[in-house]
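Before any comments, here is the structure.
All figures in this text were calculated on a predicted structure; none of them were measured in a lab. To find a chain, count down the sequence lines: A is the first, B the second, and so on, and within it residues start at 1.
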Protein chains: 2
Amino acid sequence: MSDTPSLDSPIAELCREKGMKLTGQRRTIAHVLSESDDHPDVEELYRRAMAVDPRISIATVYRTVRLFEEHGILHRRDFGGGRARYERTDDHQHYHLIDIESGRVTEFEDAALEKLLETIAARMGYDLVSRRLELFGRARSRKSKA
Amino acid sequence: MSDTPSLDSPIAELCREKGMKLTGQRRTIAHVLSESDDHPDVEELYRRAMAVDPRISIATVYRTVRLFEEHGILHRRDFGGGRARYERTDDHQHYHLIDIESGRVTEFEDAALEKLLETIAARMGYDLVSRRLELFGRARSRKSKA
DNA sequence: CTACGTGCAAAGGCTTTGCTGAAGT
DNA sequence: ACTTCAGCAAAGCCTTTGCACGTAG
């Protein structure tokens with residue numbers, strides 16, 4: 001029933017490709033991550049993983065996200081609040097806008113912004129290696145967009 | 001010799017104006033902050049304060065920066081690495097560029113960037129309340145600027 | 001079979017806090 | 001004199017880690 005390893009989640013596939021040992025726990029976490037479109041923290045991942053397989057420990061979740069990050073599968077984000085949050089690595093450089101009332105995180109891209117940041121760094125004599133940018137906003141009392 | 005309270009550091013003056021009790025420790029920390037142009041973390045502030053008056057505890061430094069932050073005298077910054085860093089509150093909206101080799105932090109302002117961020121938030125239906133932006137760069141192998 | 005992963009609980013780094021003595025206004 | 005503050009050490013929160021057992025390849 002489980003001898004079709006190729007049917008694993010996309011992230012589990014990645015693990016296999018990268019040659020890491022595919023344990024039950026990793027498979028579970030990979031599955032959970034593959035299903036996640038948001039930016040869960042470890043606690044939340046632990047919860048989701050437990051829903052799939054209760055025989056998992058939070059230490060393993062910590063170890064696994066770290067491992068996945070080292071392999072370039074995940075990106076660690078810090079939106080403040082003291083806990084790291086994770087998202088799948090994405091090809092596109094993108095940023096985050098956080099709704100200060102609901103906490104909801106929305107991603108966005110902006111080529112002009114990207115270019116401007118590089119220009120600014122260059123002006124200061126630097127090559128831009130990475131950046132951290134989060135916008136915190138309050139939803140407008142929408143008149144047009146209901 | 002010390003009955004001219006008006007000769008305190010600028011930040012100590014602020015404390016007085018805001019009506020907070022001006023203890024020896026607070027005066028020391030205010031002094032240290034007034035002399036600081038960088039972005040020290042609590043540990044570093046503690047070190048600097050101790051150099052002035054060794055009878056200070058790190059708990060007091062923590063309490064004081066928190067107090068000052070609540071009174072709008074300081075801004076807490078998070079440049080990653082798990083520790084908060086502090087800087088004097090500044091009228092101008094500014095950002096930080098961190099040299100990834102030396103760790104040195106340089107401040108910069110940029111009106112166009114500011115405007116762009118607001119535009120982006122507006123486009124997404126938000127009023128921009130605050131933002132966090134740090135650029136991490138590597139100093140260019142300067143040819144012109146020695 | 002062997003190397004690596006997991007669970008548990010303890011420890012680590014930063015920050016806060018309860019309590020009692022000390023100090024500012 | 002009264003209220004607030006400081007020092008100390010303990011505790012809290014997130015994360016890492018040592019150790020003994022379990023498991024993938």
Handout entry: Listed nucleotide nearest any side-chain atom of B:Thr60, set D:dA6, D:dG25, C:dG5
Key = D:dA6
Handout entry: Spacing of A:Leu45 atom CG relative to D:dC14 atom P, expressed in whole Å
Key = 15 Å
Practice task
Output yes when a side-chain donor or acceptor of B:Thr89 lies under 3.5 Å from a complementary backbone atom of B:Ile73, and no otherwise.
Solution key: yes
Exercise for the section: Report which part of the nucleic acid B:Arg66 touches: base, sugar-phosphate, or nothing (heavy-atom distance under 4.0 Å, all strands). Expected result: sugar-phosphate
Exercise for the section: Could you tell me whether B:Leu22 contacts a base, only the sugar-phosphate backbone, or nothing, with contacts defined as non-hydrogen atoms closer than 4.0 Å? Expected result: sugar-phosphate
Problem - Toward the 5' end of DNA chain D, by each residue's nearest nucleotide, A:Tyr86 or B:Thr64 - result: B:Thr64
Problem - Residue B:Thr23, side-chain atoms from C-beta onward, closest of C:dG24, D:dT15, D:dT17 - result: C:dG24
Exercise for the section: Rounded to the nearest angstrom, tell me the gap between atom CG in A:Asp53 and atom P in C:dG5. Expected result: 18 Å
Practice task
Using whole Å, report how far NZ of A:Lys18 lies from C1' of D:dG25.
Solution key: 20 Å
Handout entry: Presence of B:Gln25 side-chain N/O under 4.0 Å of D:dG7 phosphate oxygens OP1/OP2
Key = yes
Exercise for the section: Go through the side-chain N and O atoms of A:His94 and A:Glu87 and say whether any donor and acceptor fall under 3.5 Å apart. Expected result: yes
Exercise for the section: Would you indicate, yes or no, if D:dT16 has its OP1 or OP2 atom less than 4.0 angstrom from a side-chain nitrogen or oxygen of A:Tyr62? Expected result: no
Exercise for the section: Report yes if a side-chain nitrogen or oxygen of A:Arg55 is closer than 4.0 Å to either non-bridging phosphate oxygen (OP1 or OP2) of C:dG7; otherwise report no. Expected result: no
Problem - Polar side-chain contact B:Lys21-D:dT3 base: donor and acceptor under 3.5 Å - result: yes
Practice task
Could you check how far CE of B:Met50 sits from C1' of D:dA6, rounded to whole Å?
Solution key: 15 Å
Exercise for the section: Measure the distance from CZ on B:Arg76 to P on C:dC14 and round it to the nearest whole Å. Expected result: 15 Å
Problem - Side-chain donor/acceptor contact of A:Arg63 with base of C:dG7 under 3.5 Å - result: yes
Practice task
Nearest whole angstrom, please: distance from the P of C:dT16 to the CZ of B:Arg83.
Solution key: 14 Å
Handout entry: Distance-only donor-acceptor test (3.5 Å): side chain B:Arg27, base C:dG24
Key = no
Handout entry: Aromatic ring pairing B:His39/B:His96, orientation class (parallel under 30°, perpendicular over 60°, tilted between)
Key = perpendicular
Problem - Between C:dT15 (P) and B:Leu67 (CG): distance, integer Å - result: 17 Å
Handout entry: A:Arg131 side chain to A:Gln93 side chain, donor-acceptor N/O pair below 3.5 angstrom
Key = yes
Exercise for the section: Between D:dC8, C:dT15, C:dC8, spot the one nearest the side chain of B:Ala59, thanks. Expected result: D:dC8
Problem - Closest-nucleotide ordering on DNA chain C, the 5'-leading residue of B:Glu43 and B:Met20 - result: B:Glu43
Problem - A:Arg48 and A:Asp38 ion-paired at < 4.0 Å - result: yes
Problem - Side-chain N,O (A:Arg26) to OP1/OP2 (C:dG5) below 4.0 Å - result: yes
Problem - Minimum heavy-atom distance between B:Arg123 and A:Asp110, given as atom pair plus value - result: NH1-OD2, 3.2 Å
Exercise for the section: Indicate, with a heavy-atom threshold strictly under 4.0 Å, whether B:Ile56 touches base, sugar-phosphate, or nothing. Expected result: sugar-phosphate
Practice task
With DNA chain C as reference, determine whether B:Ile58 or A:Ser57 sits nearer its 5' end, using the nearest nucleotide of each.
Solution key: A:Ser57
Practice task
Determine whether more than 12 heavy atoms belonging to other residues, nucleotides or ligands lie under 6.0 Å from atom CZ of A:Arg138.
Solution key: no
Completion exercise
Taking five pairs at each terminus, the helix from C:dC1-D:dG25 to C:dT25-D:dA1 shows an axis bend, to 10°, of 30°
Exercise for the section: Go through the side-chain N and O atoms of A:Glu17 and A:His71 and say whether any donor and acceptor fall under 3.5 Å apart. Expected result: no
